Amino acid sequence: MNYRPGRIFMSAPHLGGHEKNYVQKALDDNWVSTSGPNLPGLEHDICQHTNARHAVVLNTGTAALHLALRLLDIKPGDEVLCPTFAPVASVNPILYLGAIPVFVESEANTWNMCPETLEQAIKARLETGHKPACIVVVHLYGMPARLNELLQVAEQYGILVVEDAAEALGSRYGGHQVGTFGKMGTFSFGGNKIITTSGGGALITEDAALAERALYLSTEAQYPTLYDAHEQISYNYRLSNISAGIGRGQIEVLEKRIKERREVYNFYKDHLSDTGLQFIPEPKNCFSNRWLTTVLLDPEQSKSPKEIIAALEEHNIEAGPLWKPLHLQPLFQNSPYYGDGLSKGLVERGLCLPSGSSLTEEELRKVVQVLRNALT
Ligand SMILES: *Cc1c(COP(=O)(O)O)cnc(C)c1O
């Protein structure tokens, strides 16, 4: 990543202030390990915040998703339905298990998995004799997917759902926290997410047995007694107690960070709507944490997102393209895809603006000014 002094980042870490108390205590008490009191502490905080019954903190969001799919017993050759409009991190865990992603296109309102296309995809796979093994739903850029409709389709065909809520901690659908709708939900605390542990993630679930198995498999399947047999593949996926300490400080300010990110979105909307830039409103039932503010260029705009991003870069401002649809990536050229190509069209017109909660009004004004110049 480019770093020049004074740079305006897309999504920088934003400390709350108490992180160092938790970290200092961990150092003082010699809990410099993947065990220690900050781990159950952070798990408790996550449950409190999301209303989930169980949480297991892990060393990345990718690890959380990998474990979730493993716990659903996804095997080599299984087909897993997933969005094409998502980061590769949402789909890599499917590959780790030797399973096959089956891509489902998004719908225009939320940019997330389209329930109607999901049903078409399931029907088509059933016709080929493959019953999909599970569905991964992603809440892109913080916007909740249409969970009611998606879950209804999933239930109708008896397929379990995992929510990749890595970008959407604190977002709500119908008043409930995302991540709590599926059989399991996963979060990321990577450095650019709404809160960070410098690297980390979590798995949440209502199911005590799944949570217990997640903990067990994430800590190399350590049995209480020595000399017991290992019967399953396990992982070293536990979060460190130091990182969990950062997380405890961060979660204290999560609500504040959501409010601040939403204010960033509103600032851009208030100051740029007359330029033809299109903003993505929250559909009914959806409350977005506005992790990133995304916009679509006016169809009349002659410049491409790439040119606009380069113009911002000249002023030391980091902006980015939307996720390139995965079914167009070489890695997935043999994977089935269902849809009408919506996400390809979005990517041709869309970009992510600097959205961090620590951006000052002065910085936001600078982004607006540079962007206005670039657009005309
Ligand atoms: C960031 C992200 C992940 C991966 O999380 P890491 O903590 O970086 O491993 C997975 N899915 C989505 C949608 C993400 O944005």
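The shown structure was predicted, so the numbers you read here are calculated from the model rather than taken from an experiment. Counting starts at 1 for both ligands and their atoms, following the listed order.
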Should K344 and E348 count as an ion pair when the cut-off is N to O under 4.0 Å? yes

For the pair R172 and E282, find out whether any cationic side-chain nitrogen is under 4.0 Å from an anionic carboxylate oxygen. no

Only one of E362, E363, E361 passes salt bridge (Lys or Arg N to Asp or Glu O under 4.0 Å) with R365, and that residue is E361

Test of proximity, [X] against ligand 1: N or O pairs below 3.5 Å:
X    : answer
G61  : yes
D164 : yes
S188 : yes

Any idea which atoms of ligand 1 are less than 4.0 Å away from a heavy-atom of [X]?
X    : value
T62  : 4 (C), 5 (O), 6 (P), 9 (O)
S90  : 11 (N), 12 (C), 13 (C)
G200 : 7 (O)
A89  : 3 (C), 4 (C), 10 (C)
K193 : 1 (C), 2 (C), 14 (C), 15 (O)
T60  : 7 (O), 9 (O)
E167 : 13 (C), 14 (C), 15 (O)
P87  : 12 (C), 13 (C), 14 (C), 15 (O)

Carefully, step by step, assess Y22 and E252 under the rule side chain to side chain donor-acceptor pair (under 3.5 Å). CA-CA 12 Å; Y22 293 101; E252 287 180 9; 2.7 Å; yes

Ligand 1-proximal atoms of L140, by part, heavy-atom distance under 4.0 Å: neither

Calculate, to the nearest 0.5 Å, the distance between atoms CZ and SG belonging to R146 and C286 respectively. 9.5 Å

To the nearest 0.5 angstrom, please state how far the CD atom of Q120 sits from the SG atom of C114. 7.5 Å

Which of parallel (below 30°), tilted (30 to 60°) and perpendicular (above 60°) describes Y337 and H327? parallel

Apart from V367 itself, what residues make up its hydrophobic cluster when side-chain heavy atoms of I, L, V, M, F, W and Y under 4.5 Å apart count as a link, directly or indirectly? I8, V264, Y265, F267, Y268, L272, L277, F279, V295, L297, I308, I309, L312, I317, L351, L353, L359, L364, V368, V370, L371, L375

